[in-house]
2 protein chains.
Amino acid sequence: MPKAYEEIADDLRRAIRNGELKPGARLPSEAELARQHGRSVPTIQNALRLLSAEGLIDKRHGSGTFVRRPRTRAIRDNERHQWEKDRARMPEATRAQTGATERETGLVSGDLVFFARYRELTAPSDLADAFGVPEGTVLLERTYRTRHSAETAPFNLVTSYLVRDMIAANPDLLDETNEPWPGGTQNQLHTVGIEVDRIEERFTARPPTPEEARELDLPAGTSVILLRKTSYDIHDRIVDITAVTIPGDRTELLFTTHLERW
Amino acid sequence: MPKAYEEIADDLRRAIRNGELKPGARLPSEAELARQHGRSVPTIQNALRLLSAEGLIDKRHGSGTFVRRPRTRAIRDNERHQWEKDRARMPEATRAQTGATERETGLVSGDLVFFARYRELTAPSDLADAFGVPEGTVLLERTYRTRHSAETAPFNLVTSYLVRDMIAANPDLLDETNEPWPGGTQNQLHTVGIEVDRIEERFTARPPTPEEARELDLPAGTSVILLRKTSYDIHDRIVDITAVTIPGDRTELLFTTHLERW
DNA sequence: GAGTGGTCTAGACCACTGT
DNA sequence: CAGTGGTCTAGACCACTCC
């Protein structure tokens, strides 16, 4: 026996895919769909819930149900790391010109609202393991948010961890009011004699938690990409661990791998 | 006024996060939860649906609702491309030893079931644009699936496109029965004098379509990572475009970026 | 067979949007 | 204010799992 709400969802999904229902178009009201299909409103809602979870429609309370428009804006690429390293030894005037977020989004710094908060903590077991330091080592946790001045949601959620003793030689690095730091983390590390040799980035994807959905203003039917970045210095020490939560529908990650010539 | 189903979901989410409900544990039945919270069963179902969409629980019809166990198995890294290029000129005996999937999953080829299908098509506008060739150019579409012999779902869904004229000099490349080809695509291209110079990979994430969920056997509350890979040869021609659909909860992507030394 | 989740109803009332 | 989606009920019946 075919399930009514799946059949209705299939109908609508087909109509959206083949363009009968174009992006931005309004669907018939739930009551109207119920009448058309000879079903109750809750059954229609069940069908629409499926499509919403698939990211095909947006329901707007009081207004209607609409076919979602696809979107992708920012591109995050892996050339950024070399770009940052190159800038890390440049004069402050150059470093202050533009940051990584500006580079990615193509916006100018006047359009961007920046937020940073620092906090010290003793390493819990997972972070201690990741850094290869004893549990209880003092870490500096740095939380960053950058958003477009015309929007409410930040582009992503960033939390970075440093080993406090590794950077304490420069007290400026412990003060959040120095953010945004011209030249970013690689310049900060450079001021205490650390040169970054390589960066490992690990990705997975999953549905957002309610907290992430709220902070990133994510509609139903989207995913987040979780990026865990580990920076190694030239002595193979782990000098930074950063976790980034990225909206899956707004950002594209671009990696270029150059191969050795024959 | 607080919404009943959100409050119930919050309660259960908190219990799962702080470990009161451990992975694998069974939740009380819907009827029991309804009684505990003084709500109707459909309201409980609404709450559980939220948690299911977040990937926190699995509902098993007739059996109960359980806290989901997290999982990640395969790691896909970007050293694979250089590894494949190095192998592309090796003797067949070496190339036949092991393939990219074995390398990623740590399995041996006896554990793997391989499937390939070839099809010719004339380039639609999006692919023509991507390749930079006229619309209607003949392409070879290659569809691949690899799965563990003990499982039903493949690790990912792969579709590769080649320009037919670019490879037609070697008729073996047009015959799907030659798959799995020892040494993979880079060796195939090598047989017609093509050397790959660099590979661009673009990632986004979104919820699975029903088709993807079925083919990859994805439970509710998971995401897929979409990978679009473009291979450039040493003359800067695009020689291959590949789309890969990857389960977000099973695979981790690892990229290492080496930086120039100061 | 007992217990579980899955589907569906008919209708009520509420909250939000746009005119 | 009319129309939309959001929440919730009380209960029916079905489908699946496991003992």
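Naming convention: chains lettered A, B, ... in sequence-line order (proteins, then strands); numbering from 1 in each chain. Remember, it's a predicted structure, so these values are computed and weren't measured experimentally.
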Check your understanding: Does C/dG6 have OP1 or OP2 sitting under 4.0 Å from an N or O in the side chain of A/Lys3?
Key -> no
Check your understanding: Are B/Thr230 and B/Asp240 close enough that a side-chain donor and a side-chain acceptor fall under 3.5 Å?
Key -> no
Exercise for review: Name the residue closer to the 5' end of DNA chain D, choosing between A/Leu27 and B/Asn46 according to the nucleotide with the nearest heavy atom.
Suggested key: A/Leu27
Exercise for review: Please round to the nearest 0.5 Å and tell me the distance separating atom OH of B/Tyr161 and atom CZ of B/Phe131.
Suggested key: 9.5 Å
**Study point:** Donor on one side chain, acceptor on other, B/Thr185 and B/Arg142, under 3.5 Å
**Key:** yes
Exercise for review: With B/Arg60 as the cation and B/Phe66 as the aromatic partner, state whether NZ or CZ is under 6.0 Å from the six-membered ring centre and within 45° of the axis.
Suggested key: yes
Review point. To the nearest angstrom, how far is B/His61 atom NE2 from D/dC16 atom P?
Key: 7 Å
Review point. When you check the gap from the basic side-chain N to the acidic O, do A/Arg35 and A/Glu32 get nearer than 4.0 Å?
Key: yes
**Study point:** Atom pair distance, as rounded to whole Å: NZ in A/Lys59 and P in C/dT17
**Key:** 15 Å
Exercise for review: Look at B/Arg49 together with B/Glu30 and state whether they make a salt bridge at an N to O cut-off of under 4.0 Å.
Suggested key: no
Review point. How would you list, by chain and number, every residue that makes a side chain to side chain donor-acceptor pair (under 3.5 Å) with A/Arg39, sequence neighbours excluded?
Key: none
Practice item. Identify, between B/Arg26 and B/Gln45, the residue whose nearest nucleotide on DNA chain C lies closer to the 5' end. Key: B/Arg26
Point to revise | Near-strand residues of residues 30-44 of chain A, defined as heavy-atom separation under 4.0 angstrom from DNA chain C | key: A/Arg39, A/Ser40, A/Pro42, A/Thr43
Exercise for review: Indicate whether the side chain of B/Glu179 and that of B/Tyr118 have a donor and an acceptor atom separated by less than 3.5 Å.
Suggested key: yes
Check your understanding: Would you call the rings of A/Phe255 and A/Phe203 parallel, tilted or perpendicular if under 30° counts as parallel and over 60° as perpendicular?
Key -> perpendicular
Review point. Expressed in angstrom and rounded to an integer, what is the separation of A/Glu7 atom CD from C/dG6 atom P?
Key: 19 Å
**Study point:** D/dT7 phosphate, OP1 or OP2, under 4.0 Å from B/Tyr5 side-chain N/O
**Key:** yes
Practice item. Can you tell me the distance, in whole Å, between the CG atom of B/Asp58 and the C1' atom of C/dT4? Key: 15 Å
Exercise for review: Would you kindly give the CZ-to-P distance between B/Arg49 and C/dC8, to the nearest whole Å?
Suggested key: 12 Å
Check your understanding: Tell me: CG of A/Leu48 to P of D/dT4, nearest whole Å?
Key -> 13 Å
Revision key, fill the gap. Taking five pairs at each terminus, the helix from C/dG1-D/dC18 to C/dG18-D/dC1 shows an axis bend, to 10°, of 20°
Point to revise | Distance in angstrom units between B/Arg60 CZ and C/dT4 C1', rounded | key: 12 Å
